[in-house]
Structure formats: structure tokens, C-alpha cells
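Okay, so here's the structure we're looking at.
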Amino acid sequence: MSVIAATGMVWMSFTPAGAASQHAQAAHPPAVAAKPAAGVAAGAKTPFTSYEAEAGTLGGGAGTVSLTSAPTTQYSSAALEASGHAYVHLGGTGQSVQWTNTTARPIRFINVRASVPDSPSGGGITATLDLYVNGRFRQALNLNSQQTWVYEGNNNYNTSDNQNPADGDPRVFFDESHTFVAPIAPGSTFSLRKDSSNTASFYDVDVVDVENPPPPAARPANSISITNCGAVADNTPTNGAADSKAVDSAAAIQKCIDRAQSQGKILWIPRGTFYVKGTTGLHAQGITIAGAGMWYSTVYRDVPVPNSTPLAALFSVTSCTVQNFHIDANAVSRSTVGGDGGAMDTTGTNWVANGLWSQHTMSGFWASGSGGTVENSRLTSIWADGINLNNVSLNGTTGENLTATNNFVRGTGDDAMAINSVNYNTNGSTTTYYTPMSDITLTHNTAVAPWGGKGIGIYGGSGHQVSDNYISDTARYIGLGAGRFGVNGNDLLSATVSDNVVVRSGGNAYSQGQPALHIGNGGDGQNTGTVDHVTVTGNTVADSLYDAVGFSTSTNTLLQYNTITNPGRNGIVVAPPFYPAPSGSATITGNTLTGLRPGTYPFRNNSSGFTATVTDNSWPPPAPEGPYGGTAAAVPGTVQAENYDTGDQGVAYNVTSVNGNANGYRPDGIDLETTSDTDGVYDLGWTGGGQWFRYTVDVASAGTYTVSLRVAAPSAVTGALHLSDASGANLSGAVDLPATGDWQNWGTVTTSVTLPAGRQVLTLNQDNGGWNVNYLTFS
């Protein structure tokens, strides 16, 4: 584990166990052309510095919990949802984690991303954790779990409404809490310690952000303060829930908005926390709304939960400039019942959102229109999308020349950032069509640890520029994807994806083993639509959990000058599992790959209809055919169907598509699945005419052998298969399979083959599909 310096932050480079060592490489192809010079370091430049807990000094028996391998289930874990895929566990009194203030500035504000336990019946708890400076107690920090801990067991997978711990399979472990602190001088140590007064049974500390905020901004000239219209601040800390004694300032704020609009003035939000209670949001058009700074001015949405009224965003604004305050809410899920509702929905022309910090809302920014910009903002612990630039917000129909730059997004329940071009929406009998999005720019943003969704998703439109972004630690999904979203999305007709850094990304949502970077249709699992002329250049993809780069159906893609290091599975894959590519084309040139694991591949094309022009890449040559695991199967003996030879498509096997879901067993993820048969763990399925698999065997002595095939077939299959030798000679003749009644009802069929002694390669040929095979026993 090594520290990588990024502008204004400290990042951790993490490699899953088994991929840490860089393997010796064989001779490379010819040297690649010189890579164009990269621009400024990827990611947002922020006023805070992040210290990962796992990089701190542990005390009192505290321990680090890290993701040690790619997930084998579709469910979440605290390590998966942590930045750096690691955190520090404080489980006993006196346990601590400590850092040194290396910022060269005093620390006056601290934000802690941590997890504390749920209550036994759900709904969360509140607790404190003690802050020490130079070994002396400084203050207790308020933490809570009232807006975390939802459960996916009992048929609640990929939802966020269930708060019943009895259902199991939890997700949404971490929340973020912040406060001012007395100055911590440069060079001082500061630590978080579990003392006897800290009543939670454990504290899992992920990361702390520290900074020295500027003084509060002064009220601008020509402004109206919301306090002049009757808004009343409530400064009781919220700590995961609203203050029941707070005054509802909704009407007063709206009154001031209306007055500012009519008088051409700025709406001023002074220091303090101002409550908007109920289910009605705020509406503004053509004005500036400004606060004293994201550390000082807060608008807090308090919705009665459970809620039955669909919510608009807290702020619905058209052609406005909105800047310099904090938005928070009491929502406990991303659905109506949990009090959802976005922070800000916007449309119109030349709008600006600058210096906003949003938390616990449905989305941070849901924005359409022309010429708008989201910049210098933070979005942490958001229930769904962080920044979604689209063509539908607030009844808009266009999304063009929109920009998101220098934003920091962490811990979202859907895409951290998205370009979302919608073709149409249907409401009852009415269908509304929208103008395809164009010329959207996402640059120098940081997206960390989305617990649901991608780091950045590019869905449809044309002319987009996505560059110099830092994406890390997706819990379940693709890190960066360029494609089309769903049957009602627009085709993606052009985009440039350049100089981004994608680290520790990909995931196992729906047991799919998703790649870190993906190009092609089916961004939401629906393989439909056109993805054309996507240029992916100069990006770095490091420590992917599964494949580094994946292609589904797409045309005229240019993948060039990218750097891939330590992929968890393969390097570049056309048609990885669950992302078919029946057709398409790409030029793959000038890319570099290092740190490939044994038994994996730098490049694989699993689709005969996809034309990949592969030139001048620096990576190991494909592995030659050989026995799986390095040892040939013994004859007489049993050959497991899943242990076909290593080697690529057309070498060790030939398949027409990739369907298997046993990707934890073999990195090629071809046609394997878990079997219910009593002998064996996996079977080989998805059979089809013309497919074949090869097996290297050592035959003890020449002779005729009885071959017992363990098979399952819902219906009888005539001429299902035959066995052949290395020359292609048919050894068994056509083998018919009787009906066993189901894909996992197993029976045994016998045939015979005559074999010479010694090592040889046998091929199991699939002549007609409709059956599974578990193993072959030679006797």
C-alpha cells in the first residue's frame, strides 16, 4: 500500500491480495508511440486535506480492515464502501488512530467519515468519539447511524428502504459529520480515540478531512437577508435528525425569494441553520442566492418520515446563481417514504452552482438547460446521484454546454457524476421527447466510494469531454462508463474520455464482475442502442477489482495511450461476462499493461462479430494452451468440465458468447455456473452448436476407455456432442443425451474412446446445444 499525492488530498493506492506483486513479463511487442503529455493532475483541487485512517498510526490495539480480494458475492461490506477499500476499527476502550497535521496550516474544521452500529431494531443511534490533540483530550465529536444501515436480505437487493436488521445483508455503512475545532497547529498530532464515555460498541473510521476555512463572507450589497423576512436560525446540531424545536423558515425564505426577484436583489443566507419543514420546496428564477460559506450557512430540509408525498428538490431554480452554503436533510432513504428529495434542481441558461456542500439528499444537482456550471462544490453521503447533468430537469428539454468542474463527490448511492441524455419519457398516455444532449464537460472532479452506481457515467448525446477526473473505490459498479442508459436513453454518438485516473474500481453487483472502465451500450444492463466514436486516451486504470477495461456493443472506439496496472482479472476484454458485444469495432493501440496475474489475459475478444484492431501495445503475449492449474488430468480418472485448458478464444476453447457467472473460479468467465450435483462445484453450460473446449490429459496406458459423462438436459438432445483428438479425429461418434428434466437434474451417459498412452489434448465438441456437463470419468 503506497501513498499517492494528489492536489490537496492524500490518496491510497491499494492492490487486492494476490495482485500486489508485479509479475515478470515476457518480451514486449514493438515500442508504442510516445504518449501525449498529460495535463494537470487528475481530480479536484480542494481546500481540505484528506487523511485515510489506514494511513494513520494505530494505538491501543486498534486494527485495520482492508479488502483482501475481489468480492465473490453481490452484497456489500464496510471495506467495499470505504475509500481506499480500507478503514480502522476502534472496538475497545483506549483504541485510537492518529495523524500529524502536515498541511502547514492550522486545522480549524474537521469532517469525519465513519460508521457506528445500527440500533438493534434499526433506525440508528447517536454517539460521540473523542478528539485528542498532542495526546490531550480536546473535545467529543458527534457521530450517528441514523442515516445509514439499510438491509438487502429477504428480497430487498439493491434497495435502500429496508431498515430491519433482521433481514441481514447490510449496506450504507458510512456517514460524514463535521464541526469546527479549536485550532490544531501545524506539526501537531491529532487522534480519534474510543474512550469509556463513547458508548457505541465500535467506531469504523474511514477518512478525515481537515481544513482552515476562510472567514464567513460578508453580506453583499443590494441583498435581502432571509432573516428580514422572518427566517429564524436554529444552531442545535442536527446529528442525523432534525431539531423538533426548530422554527420552520420555509415561508419566510420563499417570501424573500419572491421579493428578491421582484426587486432585482440578491437573496442572502446568513450564518446559522435554517429549517424548511414539510414536503414543499423553494422556487426561484433569475436571481443570485448566496450564503456566508459552506461551513457557516445551512438550509436544512425536515420532512416528516415516513412520507407519502413525492418531493421536488429543496431548491428548484431557473437561470440562477446559487453559491456558498450547505444543504442538509433528514432523509433516511432514496425513496419517497424515507423523505427523499434533491438538494437542487435547475434549468435555464447560464446558471451557476458554486461552493455548495450537499448531504443526505436524494441528489446533489439535477440540472438541465444551456450554459450552466457546477463548480467548487462538495457532495457527501448522497442517497442517489451526486451531479446529474441531463436534459429533463424542471421540465427542461435540452442539455447543452453544461460543465461540472472541480467538484468533490464521496459516498453516493448512485452515480457520483453522470451525463444523462434522455430520448423520451412516458407518463400514462403522454410521451415527451427531448433534444439529445451535446457538448457536456466534466473536468477535474473527484469521485470517491460510491456505494451504488458508477463513479462517472456517460449516457448518450454527443461532443462530450470527460477529462482529468479522479475516480476511486466503487463498491459495486463500473468506475467510468461511456454508453447509453436504457431503452429510453439517447444513443451516444461521440465523446472524448482523456487523462482520467480510475483506481480500485469495478464491482460485483448482481454477481456480474463489472470492469473498471467500460465502453458500449447496456450501461444499465439493457443491451440496446448505438455507442459510436468514443475516444478513450491517456487514462490510468489501476488495481481494478475485475477486468480493467470492457467493451460491449460499440463502434469506432479508439482506445489509445492508456496505462493499466495490476488488474484484478484481465486487462482489456471485448464482451466480458454480462456485457455482450455481438457486433462492434475498436482500434486498440499504444496502451501499456503491467502487473498481470497468472492465468489472466492482457486482451481477450469473446465476440466473433466484434472487430478489434490491436497494434503497438505493450503487454505480455497471450498465454499458450496448457493444462488448467499446470497439471494434466489423469486417465483413468475424472476430468472436471470447468477445468478446460488455459489459453484464449480459439486456442483452448471456442464460444459464441460469454455467459457464465462463476467468475471467482476462472477469470475468463465463459460458460461456468455453480452446480447442484453432488460431485463437483461448477458445471459447464450454455452449450451451442460449434462450441468446443479442450482438455490436456495424461493417459496411463493405451486402450479403449469407457467415458461416463455427467450431464443435465431439460429435453433430449440428439447428436449433442462428440470427443475428438488433437488432429480433429472423432473418437466417440455422436453422443445422444436423454432428458433429465431440468438444467440441474443430473444423469450419466456413456460412450467409449480409444486412446494412445501419454500426454494428449482431447476436445469436447458441442454439436447441438441444450445441455450442461459436470464432469467426464474415464475408466
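Quick caveat: nothing in here was measured; it's all calculated off a predicted structure.
- Counting only heavy atoms from C-beta outward, the side chains of Trp686 and Ile670 never approach each other to under 4.5 Å.
- Leu80 CG to Arg171 CZ: the interatomic distance, rounded to the nearest 0.5 Å, is 11.0 Å.
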Side chain to side chain contact (heavy atoms under 4.5 Å, CB included) between Thr441 and Thr405, worked out: CA-CA 8 Å; Thr441 300; Thr405 184; over 6 Å; no
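- Under the rule for a side chain to side chain contact (heavy atoms under 4.5 Å, CB included), the partners of Tyr424 that lie at least two apart in sequence or sit in another chain are Thr426, Thr431, Tyr433, Val487, Asn488.
- A 4.5 Å side-chain heavy-atom check between Thr435 and Glu400 finds every atom pair outside the cut-off.
- Judged by the 6.0 Å distance and 45° axis criteria, Arg666 is positioned over the aromatic ring of Tyr644.
- Counting only N and O atoms by type, the side chains of Asn401 and Ser370 include no donor and acceptor under 3.5 Å apart.
- Taking the side chain as every heavy atom from C-beta outward, Pro582 and Thr553 approach each other to under 4.5 Å.
- Between the side chains of Thr347 and Ser393, no donor N or O sits under 3.5 Å from an acceptor N or O.
- Judged by distance alone, the side chains of Asp206 and Ser83 do bring a donor and an acceptor atom under 3.5 Å apart.
- Atom-to-atom distance recorded for Ser467:OG and Leu442:CG is 8.5 Å, nearest 0.5 angstrom.
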Worked verdict on Thr592 versus Ser618 for side-chain hydrogen bond (donor to acceptor under 3.5 Å, both in side chains): CA-CA 5 Å; Thr592 301; Ser618 177; 4.8 Å; no
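- For the residue pair Tyr510/Asn158, the side-chain donor-acceptor check at 3.5 Å is satisfied.
- Using cut-offs of 30° and 60° for the angle between ring planes, the Tyr665 and Tyr628 rings count as tilted.
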Stepwise side chain to side chain contact (heavy atoms under 4.5 Å, CB included) test for Ile419 and Val466: CA-CA 10 Å; Ile419 300 169; Val466 177; 4.1 Å; yes
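- A side-chain hydrogen bond (donor to acceptor under 3.5 Å, both in side chains) with Arg504 holds for exactly one of Asp543, Asp473, Asn566; it is Asp473.
- Atom CG of Asn617 is separated from atom OG1 of Thr615 by 6.0 Å, given to the nearest 0.5 angstrom.
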Residue pair Asn654, Gln649: steps toward the side-chain hydrogen bond (donor to acceptor under 3.5 Å, both in side chains) verdict: CA-CA 5 Å; Asn654 177 64; Gln649 165 76 7; 2.8 Å; yes
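- With no hydrogens or angles considered, a side-chain donor-acceptor pair links Ser50 and Asp209 at under 3.5 Å.
- Side-chain contact between Gln560 and Thr587 is absent, with no heavy atoms from C-beta onward closer than 4.5 Å.
- Residues Phe485 and Val422 have side chains not in contact (no heavy-atom distance under 4.5 Å, counting atoms from C-beta outward).
- Side chains of Gln512 and Tyr477: a donor-acceptor N/O pair is absent below 3.5 angstrom, by distance only.
- Between Ile572 and Phe551, the closest side-chain pair of non-hydrogen atoms falls below 4.5 Å.
- Between Tyr87 and Phe174, the two ring planes are perpendicular [angle over 60°; tilted spans 30° to 60°].
- A heavy-atom distance below 4.5 Å is not found between the side chains of Phe365 and Ile382.
- Contacts classified as salt bridge (Lys or Arg N to Asp or Glu O under 4.0 Å) and involving residues 366-392 (residues at least two apart or in different chains) are given here: Glu211-Arg378.
- Atom CG of Asp439 and atom CE of Met437 lie 10.0 Å apart (nearest 0.5 Å).
- Under 3.5 Å, the side chains of Thr443 and Gln465 contain no donor-acceptor pair of N or O atoms.
- Applying the salt bridge (Lys or Arg N to Asp or Glu O under 4.0 Å) test to every pair with at least one member in residues 573-590, sequence neighbours left out, gives no pairs at all.
- To the nearest 0.5 Å, atoms CD (Glu673) and CD (Glu642) are separated by 11.0 Å.
- Applying the side chain to side chain contact (heavy atoms under 4.5 Å, CB included) test between Phe693 and each of Val655, Asp645, Thr763, Asn643 identifies Val655 as the sole match.
- The shortest side-chain heavy-atom distance between Leu480 and Ser505 does not fall under the 4.5 Å cut-off.
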